[in-house]
Amino acid sequence: VRLLRLLAVQDSGRVMNALVLSAGESRRMGAPKALVRLGAATFLGRQLATLASVEGLTRRYVVLGHQAPRIRRAVDLAGARAVTARGWRGGMLASLRAGARAALADEPGLDGLLVSLVDQPRLRPATFRALLRGAARHPGEVLVASAGGQAGHPLLLPRALLLRLVAGRRARTLAELVAAHGPRRLVPCRDPAVVENVNTPAEAAAIGATLP
């Protein structure tokens, strides 16, 4: 089954990378969300290990900012490249721009970028695979993982949008950038973690996670 999945992605001829955003200060959590533990793994390590199991991804990245050296030392990046966003205080869009710039530099023929958030440690490999299949059917579109009809994360951002982002086109938020690109397409996923964001100690405790 794994081989068939890999061949299906290769046959599409598309180059896809993945990116985890983990640059923020995590003020509501009170500690870097990347280092919060769920079971034996950190939030970041768990998600990078999940992405490592997804066929069809050429490269994997994580964007770091606040306490980047500490996170690099503490987390097994599972072969992913860490990119430090110097302008991480500028918010998610600034961090995404740093990651997209690195991904396009490494892979000039990049067709799309899967983007997820570090506070979604329970995302399933099948969710990422669903977005990759969607990209093969709907090239050039922004794809948004959804659960129960509700939009969430991860997203799949196409090349044209990434080029607009790194060119510095005016947009204050990711939502504005997506709207400027065109309509987004929801991809139904059987994964409650798509709409799950773990931002506070209480939310971490609710899923059995512990702070560093």
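In what follows, every heavy atom counts, from backbone to side chain, and hydrogens, waters and symmetry copies are set aside.
- Residues L19 and V62 have side chains not in contact (no heavy-atom distance under 4.5 Å, counting atoms from C-beta outward).
- One finds the OG atom of S22 at 8.5 Å from the CG atom of L48 (value rounded to the nearest 0.5 Å).
- Contact annotation: the side chain of L177 approaches that of L93 to within less than 4.5 Å [non-hydrogen atoms, C-beta and beyond].
- To the nearest 0.5 Å, atom CG of residue L174 and atom CE of residue M92 are 6.5 Å apart.
- With T42 contributing its side chain and G45 its backbone, the two residues share a donor-acceptor pair below 3.5 Å.
- To the nearest 0.5 Å, atoms CD (E196) and CG (L117) are separated by 12.0 Å.
- Expressed to the nearest 0.5 Å, how far CG of L110 lies from OG1 of T58 amounts to 7.5 Å.
- In this structure, L186 and A151 approach most closely via the heavy-atom pair CD2-CB, 3.7 Å.
- In the model, T127 has no side-chain atom that pairs as donor or acceptor with a side-chain atom of R190 under 3.5 Å.
- With hydrogens and angles ignored, the 3.5 Å screen pairs no side-chain donor or acceptor of R97 with any backbone N or O of V166.
- At least one donor-acceptor pair under 3.5 Å links the side chain of H181 to the backbone N or O of G140.
- Side chain of R37 to main chain of A40: a donor-acceptor pair is present (N/O by atom type, distance under 3.5 Å, no hydrogens or angles).
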Practice task
For side-chain contact (heavy atoms from CB on, under 4.5 Å), just list the numbers for L165 and L96, CA-CA rounded to whole Å, side-chain angles, deciding distance to a tenth of an Å, and then say yes or no.
Solution key: CA-CA 8 Å; L165 172 65; L96 178 58; 3.6 Å; yes
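- Using a 4.5 Å heavy-atom threshold, the side chains of R72 and L64 count as touching.
- Once rounded to the nearest 0.5 Å, the distance linking OG of S146 with CZ of R185 reads 11.5 Å.
- Closest approach of T84 and A68 over heavy atoms only: OG1-CB, 4.1 Å.
- Clustering ILVMFWY residues whenever any of their side-chain heavy atoms sit less than 4.5 angstrom apart, transitively, puts V83 in the very cluster that holds L157.
- Looking at heavy atoms from C-beta onward, V187 lies out of side-chain contact with V144 at the 4.5 angstrom threshold.
- Judged purely by atom type and a 3.5 angstrom limit, R46 uses its side chain to pair as donor or acceptor with the backbone of P121.
- Two residues are said to be in side-chain contact when any heavy atoms from C-beta on lie closer than 4.5 Å; N17 and L114 fail this criterion.
- Taking all atoms of both residues into account, the shortest heavy-atom contact from T50 to V54 is O-CG2, 3.5 Å.
- For the atom pair CZ (R27) and NE2 (H66), the distance works out to 9.0 Å, reported to the nearest 0.5 Å.
- Under the side chain to side chain donor-acceptor pair (under 3.5 Å) criterion, R59 pairs with E107, sequence neighbours left out.
- Hydrophobic clustering of Ile, Leu, Val, Met, Phe, Trp and Tyr side chains at less than 4.5 Å, counting indirect connections, unites F128 with L77.
- Smallest separation of non-hydrogen atoms from R14 and A135: NE-O, 3.8 Å.
- Closest of all the heavy-atom pairs between R129 and S53 is NH2-O, 3.2 Å.
- Two residues are said to be in side-chain contact when any heavy atoms from C-beta on lie closer than 4.5 Å; V20 and R60 fail this criterion.
- Counting heavy atoms from C-beta on, the side chains of L131 and P154 come closer than 4.5 Å.
- Between D119 and K33 there is a salt bridge, since at least one side-chain N of the basic residue sits less than 4.0 Å from a carboxylate O of the acidic one.
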Exercise for the section: List the steps and the verdict of side-chain contact (heavy atoms from CB on, under 4.5 Å) for N197 and Q120. Expected result: CA-CA 6 Å; N197 300 106; Q120 294 179 289; 4.0 Å; yes
Exercise for the section: For side-chain contact (heavy atoms from CB on, under 4.5 Å), just list the numbers for L155 and L143, CA-CA rounded to whole Å, side-chain angles, deciding distance to a tenth of an Å, and then say yes or no. Expected result: CA-CA 6 Å; L155 313 177; L143 305 181; over 6 Å; no
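- At least one side-chain heavy atom of L123 sits under 4.5 Å from a side-chain heavy atom of Q47.
- Across every non-hydrogen atom of V36 and A209, the tightest pair is CG1-CB, 3.9 Å.
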Exercise for the section: Would you please test L35 and V75 for side-chain contact (heavy atoms from CB on, under 4.5 Å) and show each step? Expected result: CA-CA 7 Å; L35 302 182; V75 178; 3.6 Å; yes
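- Under the 4.0 Å criterion applied to side-chain N and carboxylate O atoms, D191 and R122 are not assigned as salt-bridge partners.
- Partners of R137 according to the side chain to side chain donor-acceptor pair (under 3.5 Å) rule, which considers only residues two or more places apart in sequence or in another chain, do not exist here.
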